[in-house]
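Taking it in order: structure first as structure tokens, then the write-up.
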Amino acid sequence: MGTPDFIREIRATAGHQLMFLPGVTALVFDDEGRILLGRRADTGKWSVIGGIPEPGEQPAACAVREVYEETGVHCVPERVVLVQTLDPTTYPNGDQCQFMDITMRCRAVGGEACVNDEESLEVGWFSVDALPPLHEFGLFRIKQALLDEPAWFDPTV
């Protein structure tokens, strides 16, 4: 994912220290039950769609914006699938981040799936029983989105 300008501005003074950031993942399904995925330009791997909310932006609005920016698809968030604090990660440039991910199940309502920015190499619709290789992050979220259950959270409190 591209680094938002406001994060670059913070990094200018914060350096590489650990930053705790919100993240939003959007699991977009079409009327045929297929899920929208993007093949990331930074890793070359297929992934679910997501990004970082802008300051003051609601998570649902972020999901809608990120999906359109990355794929050209318009969507409507339907429900929160899970909320999870991820393990800290260190990027190749030394920046350290830890994300609290809010994953939403969304319904496609228009647009045409296409590469719509520099973050993706390809985008496409996939049947949930014929997914390309995905990281466990995406697989777990898709599994949770297919269940008719309350939002998942880490039960260790």
Keeping the roles fixed (side chain from [X], backbone from [Y]), state whether a donor-acceptor pair exists under 3.5 Å.
X	Y	answer
Asp154	Gln84	no
Arg11	Gly15	yes
Gln98	Leu86	yes
Arg107	Glu78	no
Thr71	Tyr68	no

Side-chain contact, heavy-atom cut-off 4.5 Å: Trp125 with Val73?
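A side-chain contact exists here, since the closest heavy-atom pair is under 4.5 Å.
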
Non-hydrogen atoms of [X] and [Y] that approach each other most closely:
X	Y	result
Glu70	Gly50	OE2-O, 2.9 Å
Pro53	Pro22	CD-O, 3.5 Å
Glu149	Arg79	O-NH1, 3.4 Å
Leu121	Ala41	CG-CA, 3.7 Å
Gly111	His74	N-CD2, 3.7 Å
Cys106	Pro77	SG-CA, 3.8 Å

Spatial distance of atom [atom1] ([X]) from atom [atom2] ([Y]) [nearest 0.5 Å]:
X	Y	atom1	atom2	value
Glu57	Cys62	CD	SG	4.5 Å
Leu18	Asp95	CG	CG	10.5 Å
Glu69	Asp117	CD	CG	7.0 Å
Glu119	Ile49	CD	CD1	9.5 Å
Arg105	Phe29	CZ	CZ	4.5 Å
Ile35	Leu27	CD1	CG	4.5 Å

Atom [atom1] of [X]: over 12 foreign heavy atoms under 6.0 Å:
X	atom1	result
Asn93	CG	yes
Glu54	CD	yes
His16	NE2	yes

I'd like to know whether Leu147 forms a side-chain contact (heavy atoms from CB on, under 4.5 Å) with Trp152, so could you lay out the CA-CA distance, the side-chain angles of the two residues, the decisive distance to 0.1 Å, and finally the verdict. CA-CA 10 Å; Leu147 299 174; Trp152 180 93; over 6 Å; no

query = Going through the distances and angles, do Leu82 and Asp101 end up as a side-chain contact (heavy atoms from CB on, under 4.5 Å)?
reply = CA-CA 8 Å; Leu82 67 77; Asp101 178 59; 3.9 Å; yes

Consider only side-chain heavy atoms of I, L, V, M, F, W and Y, link residues closer than 4.5 Å, and tell whether [X] and [Y] are in one cluster.
X	Y	value
Leu21	Val24	no
Val48	Leu139	yes
Met104	Val83	yes
Tyr91	Ile10	yes
Leu146	Leu37	yes

Open item on the list: Is the ring pair Trp46/Phe126 parallel, tilted or perpendicular, if the boundaries are 30 and 60 degrees?
Closed with: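 Judged by the thresholds at 30° and 60°, the geometry between Trp46 and Phe126 is perpendicular.
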
Side-chain donor-acceptor pair present, Arg141, Thr103, cut-off under 3.5 Å
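Yes, because at least one side-chain N or O of Arg141 sits under 3.5 Å from a partner of the opposite role on Thr103.
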
